[in-house]
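Below is one structure; the comments refer to it alone.
Proteins get letters first, then strands, A, B, ... in listed order; numbering begins at 1 in each.
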Number of protein chains: 2
Amino acid sequence: MPLVSKNPFTDILRKAGYKATPSRLAVLSFMQKSKKPLSAQGIIERMDKNCDPVTVYRIIKNLALSGIIKQIDLRHNHAHYELVDQNDHHHLICTECGRMEDIAGCEIEEMHKTILRKTASFSEIQQHSLEFYGLCKGCALGSKPKEVLS
Amino acid sequence: MPLVSKNPFTDILRKAGYKATPSRLAVLSFMQKSKKPLSAQGIIERMDKNCDPVTVYRIIKNLALSGIIKQIDLRHNHAHYELVDQNDHHHLICTECGRMEDIAGCEIEEMHKTILRKTASFSEIQQHSLEFYGLCKGCALGSKPKEVLS
DNA sequence: ATAATACTTGCAGGTAAATTGCATTTGGAG
DNA sequence: CTCCAAATGCAATTTACCTGCAAGTATTAT
């Protein structure tokens, strides 16, 4: 009887048709631990095992294609990614310093049905992204804090 | 007495603190005519007058900063832009072929107040982006139409 | 109208993000 | 254990976009 249960990401990966390689499991593990959306660079830097950046890029791309992770546009100069979880949440991003916080509990999913009823040319909505851009209190007051996100 | 009134974009630019140069007026004119969000590349290609790509990038960046145009993330590999108009609308994008259509009439703006009431660290929301990603009927049926957006 | 000047633009060169091709390695089905 | 499709590493490349600087131009005041 194992003291530690097998990595649940193994099953998730296999179900999506991918092999459960150490690199993929490491990427998913990082994303789970991270409280913030991660950039490709952010993941690459945190990979303790020697893993080629190209591999990370490929992993991210595949995970996003299969809907295991989600791409997020924080208006930095590169994409960010987040594990897709049950509780749908969105982001509030400062356009000055990049500070970010989560917005919980939206009911956007309910709009999917309405939209599909109105459109003539789409048959399915898989995902949505909703981000709000504004000024955090620090930046509104004119101070210039450092970027808080890579 | 002029038969054609002066370009209204001239005033918009000056109010934002920019000179009303031919390049800027041309960019704004394209964006107004275009039914779809345009990429920097898309604008550069359509500029009939010889205008350096760098200039277009700079124009776009400034217009977006001052809120005259709006950046949109269609999950292509580059940003798209759209004139900011009164009637707030969003987008429905096919993740297979890139087909896109507008979604009219959302009441997301009303959420701004709610969000600001809940957050401790933000003082202003200037903009939001809401896009829906799914499959258009063509792609859902397995046909592979060409990309419809640059 | 004209001149002054601050904003704009074009050009050259550069950077960072992400991709591609190909040879080698490896997970996992049998 | 064996085998092969899938995954990885490496080198090179593409793409999107930016910076510095000299030359040009829209606007303001004369």
Side-chain angles (χ1 to χ4, degrees), chain A residues 6-7 9-29 37-66 68-69 71-81 98 147 149-150, chain B residues 6-28 37-66 68-69 71-81 98 147 149-150:
Chain A
K6 210 164 103 185
N7 191 331
F9 287 128
T10 301
D11 291 331
I12 294 178
L13 284 168
R14 293 200 183 135
K15 251 173 226 158
Y18 299 118
K19 290 181 182 174
T21 65
S23 314
R24 284 209 256 251
L25 292 170
V27 168
L28 287 171
S29 164
L38 289 167
S39 62
Q41 206 52 46
I43 295 169
I44 289 162
E45 282 162 11
R46 285 171 187 78
M47 292 289 281
D48 32 39
K49 276 299 152 208
N50 29 325
C51 175
D52 196 278
V54 176
T55 300
V56 174
Y57 276 113
R58 280 193 273 231
I59 288 173
I60 289 169
K61 194 176 191 183
N62 288 335
L63 291 179
L65 274 175
S66 61
I68 297 172
I69 66 175
Q71 181 179 332
I72 295 162
D73 176 32
L74 300 181
R75 301 276 169 92
H76 293 211
N77 303 313
H78 46 259
H80 284 79
Y81 301 88
E147 295 263 337
L149 225 61
S150 59
Chain B
K6 208 163 104 186
N7 191 331
F9 286 127
T10 301
D11 291 332
I12 294 177
L13 285 168
R14 293 200 182 135
K15 251 173 227 159
Y18 299 117
K19 290 182 181 174
T21 65
S23 313
R24 284 208 256 251
L25 291 170
V27 167
L28 286 170
L38 289 167
S39 61
Q41 207 52 47
I43 296 169
I44 289 162
E45 282 161 11
R46 285 172 188 77
M47 293 290 280
D48 31 41
K49 276 298 151 208
N50 27 328
C51 175
D52 197 279
V54 177
T55 299
V56 174
Y57 276 114
R58 279 193 274 231
I59 288 173
I60 290 170
K61 194 177 191 183
N62 287 334
L63 292 179
L65 273 175
S66 61
I68 296 171
I69 65 174
Q71 181 179 331
I72 295 162
D73 175 33
L74 300 181
R75 301 272 170 93
H76 293 214
N77 303 314
H78 46 259
H80 284 79
Y81 301 89
E147 296 262 337
L149 226 60
S150 56

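- Axis orientation changes by 50° from one end of the helix from dA1(C)-dT30(D) to dG30(C)-dC1(D) to the other, with each end axis drawn from 5 pairs and the value rounded to 10°.
- Nearest approach of Pro37(B) to His80(B), heavy atoms of both residues: O-CD2, 3.6 Å.
- Near DNA chain C, meaning a heavy atom under 4.0 Å away, the residues from residues 59-66 of chain A are Lys61(A).
- Here the shortest heavy-atom pairing between Asp52(B) and Val54(B) reads OD1-N, 2.8 Å.
- Minimum heavy-atom separation, His78(A) to Ser39(A): CD2-CB, 3.5 Å.
- In terms of modelled atom types and a separation under 3.5 Å, the side chain of Arg14(A) and the main chain of Ala20(A) share no donor-acceptor contact.
- The minimum heavy-atom distance between Arg75(A) and Gln71(B), with the atom names listed, is NH2-O, 2.8 Å.
- Every side-chain contact (heavy atoms from CB on, under 4.5 Å) that Tyr57(A) has, sequence neighbours left out, goes to Ala40(A), Gln41(A), Ile44(A).
- When all heavy atoms are compared, the tightest approach of Leu63(A) to Leu13(A) is CD2-CD2, 3.8 Å.
- Met47(A) CE to Ile59(A) CD1: the interatomic distance, rounded to the nearest 0.5 Å, is 6.0 Å.
- Residues Ile68(A) and Leu28(A) are in side-chain contact: their nearest non-hydrogen atoms beyond the backbone lie under 4.5 Å apart.
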With B for base contact, S for sugar-phosphate-only contact and - for none (protein heavy atoms under 4.0 Å), nucleotides 20-30 of chain D reads B-----BS---
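- Computed from coordinates, the Asn77(B) CG to dC17(D) C1' distance equals 14 Å when rounded to whole Å.
- By the side-chain contact (heavy atoms from CB on, under 4.5 Å) test, Ser29(A) pairs with Lys33(A), sequence neighbours left out.
- Residues Asp73(A) and Ile72(B) form no side-chain contact, since every pair of their non-hydrogen atoms from C-beta on lies 4.5 Å or further apart.
- As a whole-Å value, the separation of Asp73(B) CG from dA16(D) P is 14 Å.
- Two residues, Tyr81(B) and Arg24(A), neighbour DNA chain D, and the one matched to the more 5' nucleotide by heavy-atom proximity is Arg24(A).
- Across all their heavy atoms, Leu25(B) and Phe9(B) have their closest contact at CD2-CB, 3.7 Å.
- From the 5' end on, the contacts that DNA chain C makes with chain B at under 4.0 Å to a non-hydrogen atom open and close at dA6(C) to dA12(C).
- Of the possible polar contacts, none joining the Tyr18(B) side chain to the Arg24(B) backbone as a donor-acceptor pair under 3.5 Å is found.
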